[in-house]
Protein chains: 2
Amino acid sequence: MLEALVKSGKALSAYEIRDYCCNQLGYDLLPMSVYRILEFLENNDLVHRLNTSSKYIACSHITCPHDHEPPQFLICKSCHRVEEVSMPDRVIKTVTQATRLAGFQLASKQLEIDCYCTECTLTKDTSA
Amino acid sequence: MLEALVKSGKALSAYEIRDYCCNQLGYDLLPMSVYRILEFLENNDLVHRLNTSSKYIACSHITCPHDHEPPQFLICKSCHRVEEVSMPDRVIKTVTQATRLAGFQLASKQLEIDCYCTECTLTKDTSA
DNA sequence: CGCAAGGTCGTTATAACGTAACATTCTGCA
DNA sequence: TGCAGAATGTTACGTTATAACGACCTTGCG
């Protein structure tokens with residue numbers, strides 16, 4: 001399944017992962033298994049769940065030796081491309097502060113941000 | 001439906017709205033209608049959709065005369081309470097900048113942030 | 001060994017969220 | 001009135017996710 005996510009190079013839903021495994025890799029998985037394996041992969045920081053789209057994406061630091069920082073995702077509203085980035089500490093700090101000001105405590109530094117990627121921005125501009 | 005969201009005082013899924021309308025208000029709605037009405041309410045800034053939980057919540061500024069700023073939401077991971085806040089411009093600015101640095105263009109200033117609310121933070125602390 | 005306790009995994013069924021597609025009704029206008 | 005197009009009702013289905021249960025298998029101990 002990790003292979004499927006890495007090879008596809010994009011965010012897949014659980015059922016898309018299943019199809020990929022079945023069609024490309026020859027593994028026949030039931031939904032329940034997919035979710036169980038995804039849970040394991042998430043716990044081990046190999047895969048991230050995108051809450052806004054209910055999809056899953058291979059962590060872009062799988063092969064890195066260093067620690068896994070909670071990621072931020074830029075998600076293109078138009079082509080659904082996902083970029084995993086590490087925003088400057090400053091950003092996280094200001095969000096944390098603002099959250100605390102409202103009396104809440106930040107639970108996760110993962111952010112999912114609605115964007116347009118460079119390509120789609122250009123396309124939009126020329127078509128408009 | 002707006003009445004249902006306001007009276008319930010929390011985020012409801014489309015089907016919960018439907019149940020509320022049916023049981024408490026005596027309106028019998030089919031899912032399709034609920035979604036169509038939600039679309040209208042969203043377009044008119046009366047309701048916000050929470051992407052991370054697929055729920056809907058009445059805009060907390062329904063009765064305000066002033067403009068509707070894109071909201072930020074603090075969402076309690078534990079009790080699912082939702083607080084609609086307006087984060088300082090500074091926060092949005094830093095996020096926008098960081099996004100642009102990565103070559104993306106911010107599409108929406110709505111942020112949904114994983115938190116623990118004050119109560120749940122306390123509960124956690126005492127139980128731990 | 002043989003058995004019980006507990007865990008993993010396969011399987012079925014179903015809940016929850018959302019939309020496509022088409023029928024019907026309403027509304028405004030020639 | 002009669003027609004076009006919009007709004008609304010209705011059915012069916014697609015997608016995401018989990019509950020529930022049983023088969024099997026490991027492991028530890030008498």
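Just so we're on the same page: letters track the sequence lines, and every chain starts at 1.
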Inset, instruction - Please determine, by modelled atom types, if A:T121 and B:Q105 share a side-chain donor-acceptor pair under 3.5 angstrom. - result: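 No pair is found: no donor N or O on one side chain lies under 3.5 Å from an acceptor on the other.
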Legend entry - No-H, no-angle donor-acceptor pair, B:Y15 side chain to C:dG18 base, under 3.5 Å: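 Counting by modelled atom types and ignoring angles, a donor-acceptor contact under 3.5 Å is found here.
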Inset, instruction - Would you indicate what B:F40 reaches in the nucleic acid, counting non-hydrogen atoms under 4.0 angstrom: base, sugar-phosphate, or nothing? - result: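 Nothing: the residue B:F40, judged by heavy atoms under 4.0 Å, touches no strand.
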Legend entry - A:M32, nearest nucleotide to its side chain (from C:dC17, D:dT10, D:dA19):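 Nearest listed nucleotide: D:dA19.
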Inset, instruction - With the side chain of B:S33 defined as its heavy atoms from C-beta on, choose the nearest nucleotide among D:dG9, C:dG18, C:dG10. - result: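 For the B:S33 side chain, the nearest candidate turns out to be D:dG9.
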Legend entry - Residues, nucleotides or ligands: over 12 heavy atoms within 6.0 Å of B:D89 CG: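 Counting neighbours around CG of B:D89, 12 or fewer heavy atoms of other residues, nucleotides or ligands fall under 6.0 Å, so no.
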Inset, instruction - Kindly work out whether a path of hydrophobic side-chain contacts (I/L/V/M/F/W/Y, heavy atoms less than 4.5 Å apart) joins B:L29 to B:I17. - result: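 Yes, one cluster joins them.
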[N] [atom2] sits how many Å from [X] [atom1], rounded?
X	N	atom1	atom2	answer
A:E39	C:dC9	CD	P	12 Å
A:L30	C:dC9	CG	C1'	10 Å
A:L12	D:dT16	CG	P	10 Å
A:R18	C:dG10	CZ	P	13 Å
B:K55	C:dA16	NZ	C1'	10 Å
B:E42	C:dG18	CD	P	10 Å
B:L38	C:dG18	CG	P	9 Å
A:L50	D:dT16	CG	P	13 Å

Using a cut-off of strictly less than 4.0 Å, decide whether [X] has a side-chain nitrogen or oxygen near OP1 or OP2 of [N].
X	N	value
B:R36	C:dG18	no
A:S54	D:dA17	yes
B:S13	C:dA16	no
B:Y35	C:dA20	no

Inset, instruction - Run the ring-centre check on B:H48 versus B:Y56 and record whether the distance is less than 6.0 Å. - result: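 Centroid distance B:H48-B:Y56: not below 6.0 Å, so no.
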Legend entry - Rounded distance [0.5 Å steps], CD in B:E16 versus CG in B:N23: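 So the gap between those two atoms works out to 12.0 Å.
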